Q: 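Sharing a structure below in structure tokens format, with a few things to ask.
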Number of protein chains: 2
Amino acid sequence: MNTAIADTQQQILAAALHRFASCGYAGTSVQDIVDTARVTKPTLYYYFANKAGLYQALVASAHDERFRLMQEAATRGDTLEEQLVEILTALFDYSRGHRELMRVAFATAFASPDELPEGVDYTAKCERNFEFMHSLIKKGLQTGALDGHFDSKELAFGVYGLMNVYVMAHLMMPECKLDRPTAKQVVDLFLSGAAAKKTAPNGTAKRRKP
Amino acid sequence: MNTAIADTQQQILAAALHRFASCGYAGTSVQDIVDTARVTKPTLYYYFANKAGLYQALVASAHDERFRLMQEAATRGDTLEEQLVEILTALFDYSRGHRELMRVAFATAFASPDELPEGVDYTAKCERNFEFMHSLIKKGLQTGALDGHFDSKELAFGVYGLMNVYVMAHLMMPECKLDRPTAKQVVDLFLSGAAAKKTAPNGTAKRRKP
DNA sequence: TCACAAACCTACCGAACGGTAGGAAGAAGC
DNA sequence: GCTTCTTCCTACCGTTCGGTAGGTTTGTGA
């Protein structure tokens, strides 16, 4: 029965995500997961090779979904500024709706190698995701939309880092807003420095907030 | 014997830091720590109440040292820009020299409540440290050094977040430079947007890199 | 109707966990 | 010489860990 298979498997994945997000990898026992999923331990080992495989599946899905969202969002903007706002908005929305997954992903990123099971290739996926942003920035430098005094990597690091800082802040302080207006503010703060100044004679460049 | 006391205690602290940084809180066993410190388990419990107390001591020292460094660095600058460069440089230097402690501190920040022992008041110390930066930014807004279009919290979030992003990047990718030139670049990127534009008629505001 | 395979179970394994009881070693004071 | 205190030890406690052996249930195709 396909639905039953997927059902139990998804139940285990959801339970594992909940437990890993609450207690970390080492702090979560397989017993915790199967109890939450209302199945037994051998059932989990029927669907997943081991505890590590379960974790890897979750982390990989987080990075892949972020990558997909960024690509999709970038097509919805014509200028670099529009693209950035779309990307940040998409990732903010996703992060709001998947806080536990984001927590697991960031905890994985800042965990030491020995803390996690070997073979979690999160660095490659992180780099791939960053390089997508980097490619947009490089294009922005070529078209003259961005200030050529800055290095492309430094700029990409700026937006990408700032974006992630907001996501992380939302993880630590849920009251921290994570919506389109916030995305616009972040892009505005970034671009007002990064964008090549267009010789505004009276000294006030385009700015949104009154 | 005072030196012997401090010696064994420091040995345990150093070993605990090393193990916690490598394997996380839950992933580190007390046996690991005492083996690394070349003492036995009861010796550890002679100096520390429990595994949690050991961890708390380490995390608290990291945040307190960062706070002290920021305060001290701020006195070494006259303008806001100088202060920011000094602060970032000081924290970058410290982070380079204490990577394991930084790793533990950040891992703690992004860990879930249940992952760590209760009573780790890292949020209060995080807030205190952020508010110090926030106070500098508010002063910068009052003196007109910063663009009043932005919210003080948003701006403080910008620099503080950007600074921490670089520290985190250095944790993940040690080849990522973390020195005074980097600090200057970060402040430059931040201020070129956040600083009130000084009506440069030819459109090029002060910028450092040629 | 019956063989078969997928789905899921109870019950258990050896190992490692955090923490402790109780004492040995050695210097200090008398 | 004897007591006392600090420092650190061996040996062990009960519990939980990740993982498995071996079997039962259940729907399916012939």
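Residue numbers begin at 1 in each chain, while the letters A, B, ... track the order of the sequences. Treat the numbers as computed from the prediction; the structure is a model and nothing was measured.
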Q: State which of C:dG18, C:dC8, D:dC8 makes the closest approach to the side chain of A:Thr40.
A: C:dC8
Q: Measure from the side-chain N and O atoms of B:Asn164 to the backbone N and O of B:Tyr160, and report whether any donor-acceptor pair falls under 3.5 Å.
A: yes
Q: Please give, in whole Å, the distance from D:dC8 C1' to B:Tyr47 OH?
A: 8 Å
Q: Nearest whole angstrom, please: distance from the P of D:dG18 to the CZ of A:Phe48.
A: 16 Å
Q: Report the nucleotide, chosen from C:dC17, C:dT10, D:dG19, that has the shortest atom-to-atom distance to any side-chain atom of A:Lys41.
A: D:dG19
Q: For D:dT7, take OP1 and OP2 only and decide whether either is under 4.0 Å from a side-chain N or O of B:Thr8.
A: no
Q: Within a radius of less than 6.0 Å around CD of A:Glu127, do more than 12 heavy atoms belonging to other residues, nucleotides or ligands occur?
A: no
Q: Output the rounded distance in Å from OH (A:Tyr45) to P (C:dA11).
A: 19 Å
Q: Over how many whole Å does the gap from A:Asp7 atom CG to C:dC8 atom C1' extend?
A: 14 Å
Q: Look at the side chain of B:Asn50 and decide which nucleotide, out of C:dG19, C:dT10, D:dG18, has an atom nearest to it.
A: C:dG19
Q: Distance check needed: D:dG22 C1' versus A:Tyr46 OH, whole Å only.
A: 16 Å
Q: Rounded to whole angstrom units, what separation is found between the CG atom of B:Asp35 and the C1' atom of C:dA16?
A: 12 Å
Q: Would a 4.5 Å heavy-atom cut-off, applied to side chains only, mark B:Phe20 and B:Arg103 as touching?
A: no
Q: For B:Arg38, look at atom CZ and say whether over 12 heavy atoms of other residues, nucleotides or ligands are found less than 6.0 Å away.
A: no
Q: Within less than 4.0 Å of OP1 or OP2 of D:dC17, is there a side-chain N or O belonging to A:Ser29?
A: yes
Q: Between D:dT20 atom P and A:Lys51 atom NZ, what is the distance in whole Å?
A: 14 Å
Q: State which of C:dC9, C:dG18, D:dG18 makes the closest approach to the side chain of B:Val30.
A: C:dG18
Q: How long is the line joining CG of A:Leu44 and P of D:dC17, in whole Å?
A: 14 Å
Q: What I'd like to find out is whether the side chain of A:Met172 reaches to under 4.5 Å of the side chain of B:Thr123, using heavy atoms alone.
A: no
